[in-house]
Amino acid sequence: MQTALSIRPLATTSPSLGSEMKICALRAGLASCREADEWVLHDPRLWLGTALHALLEKAKRKGLADIEGAWDGEIVGFVQRIGSHQFDRRFSDPTRWPAYYLTRQRALSSAAKLNSATKPSSGGVQAPPWSGTERRLTARGGRLVGRPDRFDRTTVTDIKSNLPDRATPLGIELFGRHRRQILIYAAIIAESLGFWPNKGVIAGASGETIEFGLAPAECDAEADAAIADLDAWNSALTSAARAADLASPSEASCGSCRFQLVCPAFWEWLARRTPNGAALEAPIAVSGQVSSVQLGNDGDLQSVTLAGAVSTVSGMTTASVVTRRSIHGALPASSASSGCRIVAASMRRDGRLVADWATLLVPLDRIPAIGISLAGP
Ligand code: SF4
(Lines give C-alpha, C1' and ligand atoms only; values in the text may rest on other atoms or scores of the structure.)
Protein backbone atom coordinates (compact mmCIF):
# COMPACT_ATOMS: atom_id res chain seq x y z
CA MET A 1 0.00 0.00 0.00
CA GLN A 2 1.24 3.48 -0.87
CA THR A 3 1.43 6.40 1.54
CA ALA A 4 -2.08 7.53 2.38
CA LEU A 5 -3.58 10.54 0.67
CA SER A 6 -4.62 13.10 3.29
CA ILE A 7 -7.78 15.16 3.19
CA ARG A 8 -7.20 18.38 5.15
CA PRO A 9 -9.32 21.38 6.15
CA LEU A 10 -9.51 24.06 3.49
CA ALA A 11 -8.87 27.78 3.97
CA THR A 12 -10.03 28.69 0.46
CA THR A 13 -12.28 27.48 -2.29
CA SER A 14 -12.44 28.11 -6.03
CA PRO A 15 -15.05 27.89 -8.81
CA SER A 16 -13.97 24.36 -9.74
CA LEU A 17 -13.67 23.18 -6.12
CA GLY A 18 -17.08 24.68 -5.37
CA SER A 19 -18.46 22.59 -8.20
CA GLU A 20 -16.87 19.42 -6.77
CA MET A 21 -18.31 20.20 -3.30
CA LYS A 22 -21.81 20.23 -4.73
CA ILE A 23 -21.27 16.76 -6.23
CA CYS A 24 -19.41 14.87 -3.48
CA ALA A 25 -17.44 16.12 -0.46
CA LEU A 26 -14.84 13.37 -0.84
CA ARG A 27 -14.36 14.31 -4.48
CA ALA A 28 -13.72 17.92 -3.39
CA GLY A 29 -11.26 16.69 -0.77
CA LEU A 30 -9.35 14.66 -3.32
CA ALA A 31 -9.41 17.54 -5.80
CA SER A 32 -7.71 19.70 -3.16
CA CYS A 33 -5.11 17.03 -2.29
CA ARG A 34 -1.96 17.60 -4.33
CA GLU A 35 -0.79 13.98 -4.00
CA ALA A 36 -4.11 12.67 -5.34
CA ASP A 37 -3.39 14.35 -8.67
CA GLU A 38 -0.67 11.74 -9.23
CA TRP A 39 -3.50 9.14 -9.35
CA VAL A 40 -5.53 10.91 -12.03
CA LEU A 41 -5.02 10.49 -15.76
CA HIS A 42 -5.42 13.89 -17.37
CA ASP A 43 -7.11 14.48 -20.69
CA PRO A 44 -4.80 15.63 -23.51
CA ARG A 45 -7.81 17.13 -25.28
CA LEU A 46 -7.84 19.77 -22.55
CA TRP A 47 -4.17 20.56 -23.25
CA LEU A 48 -4.97 20.84 -26.95
CA GLY A 49 -7.84 23.20 -26.21
CA THR A 50 -5.64 25.31 -23.96
CA ALA A 51 -2.89 25.43 -26.61
CA LEU A 52 -5.39 26.35 -29.34
CA HIS A 53 -6.94 29.20 -27.39
CA ALA A 54 -3.56 30.48 -26.16
CA LEU A 55 -2.34 30.58 -29.77
CA LEU A 56 -5.41 32.49 -30.92
CA GLU A 57 -5.06 34.95 -28.06
CA LYS A 58 -1.44 35.68 -29.00
CA ALA A 59 -2.30 36.03 -32.69
CA LYS A 60 -5.11 38.44 -31.85
CA ARG A 61 -3.19 40.50 -29.32
CA LYS A 62 0.23 40.94 -30.90
CA GLY A 63 0.40 38.88 -34.08
CA LEU A 64 2.70 35.90 -34.57
CA ALA A 65 5.74 35.89 -36.85
CA ASP A 66 6.00 32.07 -36.69
CA ILE A 67 2.62 30.45 -36.10
CA GLU A 68 3.83 26.83 -36.34
CA GLY A 69 6.72 27.58 -33.99
CA ALA A 70 4.33 29.19 -31.52
CA TRP A 71 2.05 26.10 -31.65
CA ASP A 72 5.01 23.79 -31.09
CA GLY A 73 6.08 25.95 -28.14
CA GLU A 74 2.67 25.60 -26.49
CA ILE A 75 2.70 21.82 -26.95
CA VAL A 76 6.29 21.36 -25.73
CA GLY A 77 5.31 23.11 -22.50
CA PHE A 78 2.69 20.43 -21.81
CA VAL A 79 4.98 17.54 -22.76
CA GLN A 80 7.65 18.77 -20.33
CA ARG A 81 5.14 19.03 -17.50
CA ILE A 82 3.67 15.53 -17.93
CA GLY A 83 6.97 13.65 -18.16
CA SER A 84 7.16 12.85 -14.46
CA HIS A 85 3.51 11.87 -13.96
CA GLN A 86 3.04 8.10 -13.52
CA PHE A 87 0.01 7.94 -15.85
CA ASP A 88 0.27 11.06 -18.04
CA ARG A 89 3.67 10.08 -19.36
CA ARG A 90 1.89 7.73 -21.76
CA PHE A 91 1.16 10.94 -23.66
CA SER A 92 4.80 11.88 -24.21
CA ASP A 93 4.25 11.81 -28.01
CA PRO A 94 1.76 14.64 -28.63
CA THR A 95 1.07 13.55 -32.20
CA ARG A 96 -0.78 10.56 -30.70
CA TRP A 97 -3.09 12.68 -28.57
CA PRO A 98 -6.73 12.27 -29.64
CA ALA A 99 -7.52 14.73 -32.46
CA TYR A 100 -4.01 16.23 -32.36
CA TYR A 101 -3.67 16.91 -36.10
CA LEU A 102 -7.24 18.14 -36.44
CA THR A 103 -6.84 20.59 -33.56
CA ARG A 104 -3.43 21.70 -34.79
CA GLN A 105 -4.83 22.42 -38.24
CA ARG A 106 -7.73 24.40 -36.78
CA ALA A 107 -5.34 26.34 -34.55
CA LEU A 108 -2.93 27.21 -37.35
CA SER A 109 -5.60 28.30 -39.84
CA SER A 110 -7.56 30.34 -37.26
CA ALA A 111 -4.35 31.98 -36.01
CA ALA A 112 -3.35 32.81 -39.61
CA LYS A 113 -6.69 34.58 -40.15
CA LEU A 114 -6.25 36.61 -36.96
CA ASN A 115 -2.62 37.24 -37.86
CA SER A 116 -3.54 38.84 -41.17
CA ALA A 117 -5.58 41.39 -39.23
CA THR A 118 -2.81 42.03 -36.70
CA LYS A 119 0.70 43.29 -37.40
CA PRO A 120 3.18 40.75 -35.96
CA SER A 121 5.27 42.30 -33.21
CA SER A 122 8.75 41.15 -32.18
CA GLY A 123 8.60 43.02 -28.86
CA GLY A 124 6.74 41.68 -25.85
CA VAL A 125 3.36 43.37 -25.71
CA GLN A 126 2.05 43.33 -22.16
CA ALA A 127 -1.55 42.27 -21.64
CA PRO A 128 -3.58 45.19 -20.27
CA PRO A 129 -4.17 45.01 -16.50
CA TRP A 130 -7.87 44.30 -16.99
CA SER A 131 -7.24 41.08 -18.88
CA GLY A 132 -5.38 37.91 -18.08
CA THR A 133 -4.65 34.26 -18.75
CA GLU A 134 -4.69 31.90 -15.75
CA ARG A 135 -4.09 34.94 -13.53
CA ARG A 136 -4.65 34.28 -9.81
CA LEU A 137 -7.38 36.50 -8.38
CA THR A 138 -8.97 36.50 -4.93
CA ALA A 139 -12.25 37.70 -3.42
CA ARG A 140 -14.38 37.38 -0.28
CA GLY A 141 -11.52 38.23 2.06
CA GLY A 142 -9.14 35.88 0.24
CA ARG A 143 -11.35 32.82 0.81
CA LEU A 144 -12.41 32.63 -2.85
CA VAL A 145 -9.59 32.07 -5.32
CA GLY A 146 -9.81 31.74 -9.08
CA ARG A 147 -7.57 31.43 -12.11
CA PRO A 148 -9.88 32.02 -15.07
CA ASP A 149 -8.44 30.50 -18.23
CA ARG A 150 -8.93 33.89 -19.91
CA PHE A 151 -10.74 37.12 -19.19
CA ASP A 152 -10.93 40.70 -20.37
CA ARG A 153 -13.27 43.64 -19.80
CA THR A 154 -16.23 41.91 -21.39
CA THR A 155 -15.68 38.15 -21.36
CA VAL A 156 -14.69 35.26 -19.08
CA THR A 157 -13.60 32.12 -20.92
CA ASP A 158 -13.27 28.64 -19.44
CA ILE A 159 -11.64 25.96 -21.59
CA LYS A 160 -12.93 22.37 -21.44
CA SER A 161 -11.80 19.22 -23.23
CA ASN A 162 -15.31 18.79 -24.66
CA LEU A 163 -18.33 21.02 -24.94
CA PRO A 164 -21.35 19.57 -23.09
CA ASP A 165 -24.05 18.13 -25.33
CA ARG A 166 -27.12 20.00 -24.12
CA ALA A 167 -29.40 17.55 -25.90
CA THR A 168 -28.71 14.99 -23.13
CA PRO A 169 -29.48 15.11 -19.37
CA LEU A 170 -25.78 14.70 -18.58
CA GLY A 171 -24.89 17.50 -21.00
CA ILE A 172 -27.43 19.82 -19.38
CA GLU A 173 -25.99 18.98 -15.96
CA LEU A 174 -22.42 19.61 -17.16
CA PHE A 175 -23.41 22.87 -18.81
CA GLY A 176 -24.95 24.02 -15.51
CA ARG A 177 -21.71 23.19 -13.66
CA HIS A 178 -19.49 24.94 -16.22
CA ARG A 179 -21.77 27.98 -16.30
CA ARG A 180 -21.80 28.22 -12.49
CA GLN A 181 -18.00 28.23 -12.44
CA ILE A 182 -17.89 31.12 -14.87
CA LEU A 183 -20.44 33.08 -12.82
CA ILE A 184 -18.13 32.75 -9.81
CA TYR A 185 -15.10 33.80 -11.87
CA ALA A 186 -17.00 36.92 -12.90
CA ALA A 187 -17.77 37.76 -9.25
CA ILE A 188 -14.08 37.29 -8.36
CA ILE A 189 -13.02 39.57 -11.23
CA ALA A 190 -15.55 42.21 -10.20
CA GLU A 191 -14.43 42.22 -6.58
CA SER A 192 -10.69 42.08 -7.23
CA LEU A 193 -10.42 44.29 -10.34
CA GLY A 194 -13.51 46.46 -10.14
CA PHE A 195 -15.37 45.66 -13.37
CA TRP A 196 -18.01 43.15 -14.48
CA PRO A 197 -17.53 41.07 -17.62
CA ASN A 198 -20.95 40.61 -19.23
CA LYS A 199 -20.34 37.43 -21.25
CA GLY A 200 -19.34 33.91 -20.27
CA VAL A 201 -17.75 31.55 -22.80
CA ILE A 202 -17.21 27.80 -22.52
CA ALA A 203 -14.57 26.93 -25.14
CA GLY A 204 -13.91 23.39 -26.34
CA ALA A 205 -10.73 21.89 -27.77
CA SER A 206 -12.56 21.81 -31.11
CA GLY A 207 -12.51 25.62 -31.18
CA GLU A 208 -16.31 25.71 -30.78
CA THR A 209 -17.82 27.77 -27.98
CA ILE A 210 -21.02 28.20 -25.95
CA GLU A 211 -21.78 31.77 -24.88
CA PHE A 212 -24.19 33.20 -22.30
CA GLY A 213 -24.83 36.47 -20.48
CA LEU A 214 -23.62 37.27 -16.95
CA ALA A 215 -25.84 39.08 -14.44
CA PRO A 216 -23.95 40.53 -11.43
CA ALA A 217 -26.62 39.57 -8.86
CA GLU A 218 -26.59 35.93 -9.95
CA CYS A 219 -22.77 35.85 -10.04
CA ASP A 220 -22.54 37.28 -6.51
CA ALA A 221 -25.11 34.78 -5.23
CA GLU A 222 -23.06 31.88 -6.63
CA ALA A 223 -19.87 33.30 -5.08
CA ASP A 224 -21.59 33.59 -1.68
CA ALA A 225 -22.93 30.04 -2.05
CA ALA A 226 -19.36 28.81 -2.73
CA ILE A 227 -18.22 30.33 0.59
CA ALA A 228 -21.16 28.75 2.42
CA ASP A 229 -20.27 25.40 0.81
CA LEU A 230 -16.66 25.81 1.99
CA ASP A 231 -17.82 26.29 5.59
CA ALA A 232 -20.16 23.30 5.34
CA TRP A 233 -17.38 21.17 3.82
CA ASN A 234 -14.94 21.97 6.65
CA SER A 235 -17.62 21.20 9.19
CA ALA A 236 -18.35 17.82 7.52
CA LEU A 237 -14.64 17.00 7.52
CA THR A 238 -14.35 17.72 11.24
CA SER A 239 -17.15 15.33 12.06
CA ALA A 240 -16.10 12.53 9.67
CA ALA A 241 -14.56 9.45 11.27
CA ARG A 242 -13.07 8.26 7.97
CA ALA A 243 -12.68 9.68 4.50
CA ALA A 244 -15.43 7.47 3.06
CA ASP A 245 -17.92 9.22 5.39
CA LEU A 246 -17.58 12.27 3.16
CA ALA A 247 -18.53 10.39 0.02
CA SER A 248 -21.86 10.58 -1.83
CA PRO A 249 -21.56 7.70 -4.29
CA SER A 250 -24.23 7.51 -6.99
CA GLU A 251 -24.52 7.02 -10.74
CA ALA A 252 -24.63 10.76 -11.25
CA SER A 253 -21.68 11.68 -9.04
CA CYS A 254 -19.33 8.75 -9.68
CA GLY A 255 -19.97 8.12 -13.37
CA SER A 256 -17.54 10.80 -14.51
CA CYS A 257 -15.37 11.04 -11.40
CA ARG A 258 -11.63 11.04 -12.05
CA PHE A 259 -10.96 9.58 -8.58
CA GLN A 260 -12.71 6.22 -9.10
CA LEU A 261 -9.38 4.38 -9.02
CA VAL A 262 -8.49 5.45 -5.46
CA CYS A 263 -11.95 6.02 -3.99
CA PRO A 264 -12.89 3.30 -1.46
CA ALA A 265 -16.48 4.53 -1.24
CA PHE A 266 -16.98 4.03 -4.98
CA TRP A 267 -15.93 0.37 -4.91
CA GLU A 268 -17.90 -0.35 -1.71
CA TRP A 269 -20.95 1.19 -3.35
CA LEU A 270 -20.42 -0.84 -6.53
CA ALA A 271 -20.07 -4.04 -4.51
CA ARG A 272 -23.36 -3.33 -2.73
CA ARG A 273 -25.24 -2.74 -5.98
CA THR A 274 -23.69 -5.64 -7.94
CA PRO A 275 -25.16 -7.74 -9.49
CA ASN A 276 -28.65 -6.29 -9.43
CA GLY A 277 -27.97 -2.63 -10.01
CA ALA A 278 -28.46 -1.14 -13.43
CA ALA A 279 -25.30 -0.78 -15.49
CA LEU A 280 -23.59 2.59 -15.32
CA GLU A 281 -22.89 4.38 -18.56
CA ALA A 282 -19.42 3.86 -20.06
CA PRO A 283 -16.58 4.17 -19.28
CA ILE A 284 -16.39 0.89 -17.43
CA ALA A 285 -14.77 0.28 -14.04
CA VAL A 286 -14.06 -3.21 -12.72
CA SER A 287 -12.21 -4.65 -9.75
CA GLY A 288 -11.43 -8.29 -8.93
CA GLN A 289 -8.86 -10.95 -8.23
CA VAL A 290 -6.32 -11.49 -11.01
CA SER A 291 -6.85 -15.05 -12.24
CA SER A 292 -4.38 -14.91 -15.14
CA VAL A 293 -1.89 -12.63 -16.88
CA GLN A 294 -0.79 -13.72 -20.35
CA LEU A 295 1.86 -11.97 -22.35
CA GLY A 296 1.44 -11.71 -26.13
CA ASN A 297 4.07 -12.60 -28.72
CA ASP A 298 5.22 -9.01 -29.13
CA GLY A 299 6.08 -8.78 -25.43
CA ASP A 300 3.83 -5.75 -25.11
CA LEU A 301 0.26 -7.01 -25.33
CA GLN A 302 -0.94 -8.45 -22.05
CA SER A 303 -4.23 -10.21 -21.44
CA VAL A 304 -5.52 -9.86 -17.88
CA THR A 305 -8.46 -11.80 -16.47
CA LEU A 306 -10.18 -10.86 -13.23
CA ALA A 307 -12.46 -13.16 -11.23
CA GLY A 308 -14.98 -12.19 -8.57
CA ALA A 309 -15.54 -8.94 -10.40
CA VAL A 310 -17.23 -5.87 -9.00
CA SER A 311 -18.15 -3.73 -11.95
CA THR A 312 -20.19 -0.90 -13.38
CA VAL A 313 -21.51 -3.52 -15.82
CA SER A 314 -24.52 -5.28 -14.38
CA GLY A 315 -24.01 -9.02 -13.81
CA MET A 316 -20.31 -9.10 -14.74
CA THR A 317 -18.53 -11.70 -12.59
CA THR A 318 -15.36 -12.18 -14.63
CA ALA A 319 -13.61 -9.62 -16.78
CA SER A 320 -10.96 -10.03 -19.43
CA VAL A 321 -9.07 -7.13 -20.95
CA VAL A 322 -6.15 -6.80 -23.33
CA THR A 323 -3.79 -3.99 -22.43
CA ARG A 324 -0.45 -2.72 -23.67
CA ARG A 325 2.39 -2.77 -21.18
CA SER A 326 3.95 0.25 -22.87
CA ILE A 327 0.78 2.27 -22.18
CA HIS A 328 -1.00 0.70 -19.25
CA GLY A 329 1.96 -0.70 -17.32
CA ALA A 330 3.14 -4.25 -16.71
CA LEU A 331 1.22 -6.62 -14.48
CA PRO A 332 3.61 -9.47 -13.63
CA ALA A 333 2.37 -13.07 -13.85
CA SER A 334 3.02 -13.23 -10.09
CA SER A 335 0.07 -10.84 -9.67
CA ALA A 336 -2.28 -13.82 -10.04
CA SER A 337 -4.64 -14.07 -7.06
CA SER A 338 -3.92 -10.51 -5.99
CA GLY A 339 -6.45 -7.72 -6.45
CA CYS A 340 -6.55 -5.25 -9.32
CA ARG A 341 -8.70 -2.27 -10.35
CA ILE A 342 -9.40 -1.15 -13.90
CA VAL A 343 -11.09 2.16 -14.73
CA ALA A 344 -12.05 3.95 -17.93
CA ALA A 345 -12.24 0.80 -20.07
CA SER A 346 -14.80 0.30 -22.82
CA MET A 347 -16.62 -2.77 -24.07
CA ARG A 348 -16.70 -4.48 -27.45
CA ARG A 349 -19.87 -5.96 -28.89
CA ASP A 350 -18.69 -9.46 -27.91
CA GLY A 351 -18.59 -8.40 -24.24
CA ARG A 352 -14.82 -8.22 -23.95
CA LEU A 353 -13.32 -5.20 -22.31
CA VAL A 354 -11.08 -2.92 -24.33
CA ALA A 355 -8.32 -0.78 -22.88
CA ASP A 356 -7.68 2.48 -24.71
CA TRP A 357 -5.62 5.61 -24.09
CA ALA A 358 -7.72 6.58 -21.07
CA THR A 359 -7.73 3.18 -19.31
CA LEU A 360 -5.91 2.64 -16.02
CA LEU A 361 -5.06 -0.77 -14.58
CA VAL A 362 -3.43 -0.84 -11.16
CA PRO A 363 -2.77 -3.66 -8.66
CA LEU A 364 -4.70 -3.14 -5.45
CA ASP A 365 -1.59 -3.14 -3.28
CA ARG A 366 -0.26 -0.08 -5.11
CA ILE A 367 -3.35 2.04 -4.55
CA PRO A 368 -3.06 4.52 -1.67
CA ALA A 369 -5.49 4.66 1.23
CA ILE A 370 -7.25 7.96 1.92
CA GLY A 371 -7.02 9.47 5.41
CA ILE A 372 -8.15 12.61 7.20
CA SER A 373 -5.72 15.01 8.83
CA LEU A 374 -7.30 17.82 10.82
CA ALA A 375 -3.98 19.64 11.18
CA GLY A 376 -4.21 22.70 8.94
CA PRO A 377 -5.24 24.38 6.74
S1 SF4 B 1 -15.92 8.09 -7.06
FE2 SF4 B 1 -17.92 8.85 -6.33
S3 SF4 B 1 -17.84 8.68 -4.10
FE4 SF4 B 1 -15.73 8.59 -4.86
S5 SF4 B 1 -14.95 10.68 -4.81
FE6 SF4 B 1 -15.76 10.33 -6.85
S7 SF4 B 1 -17.88 11.06 -6.77
FE8 SF4 B 1 -17.20 10.79 -4.63
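Given the structure is predicted, the values throughout are model-derived calculations rather than measurements. When reading the values below, keep in mind they use all heavy atoms of this one structure, side chains included, and skip hydrogens, waters and symmetry mates. All residue numbers in this chain count up from 1 along the given sequence. As the structure lists them, so they are numbered: ligands from 1, and atoms in each ligand from 1.
Remark: among candidates Ser256, Gly255, Cys254, the nearest residue to atom 2 (Fe) of ligand 1 is Cys254, based on non-hydrogen atoms. Among Ala247, Ala285, Cys257, Gly29, the residue whose heavy atom sits closest to atom 6 (Fe) of ligand 1 is Cys257.
Of the protein's non-hydrogen atoms, Cys24 SG, 2.4 Å is the one closest to atom 8 (Fe) of ligand 1. Annotation: atom 4 (Fe) of ligand 1 to nearest protein heavy atom, Cys263 SG, 2.3 Å. Among protein heavy atoms, atom 7 (S) of ligand 1 sits closest to Ser253 O, 3.4 Å.
With respect to the salt-bridge test (charged N to carboxylate O, under 4.0 angstrom), the residues Glu20 and Arg258 qualify. Under a 4.0 Å N-O distance rule, the pair Lys160/Asp43 does not qualify as a salt bridge.
Within 6.0 Å of CZ in Arg153 there are more than 12 heavy atoms belonging to other residues, nucleotides or ligands.
Note: Trp71 and Tyr100 have tilted aromatic rings, judged against thresholds of 30 and 60 degrees for the angle between ring planes.
Remark: Arg96 is not positioned above the aromatic ring of Phe91, lacking an NZ or CZ atom under 6.0 angstrom from the ring centre and at most 45 degrees off the axis.
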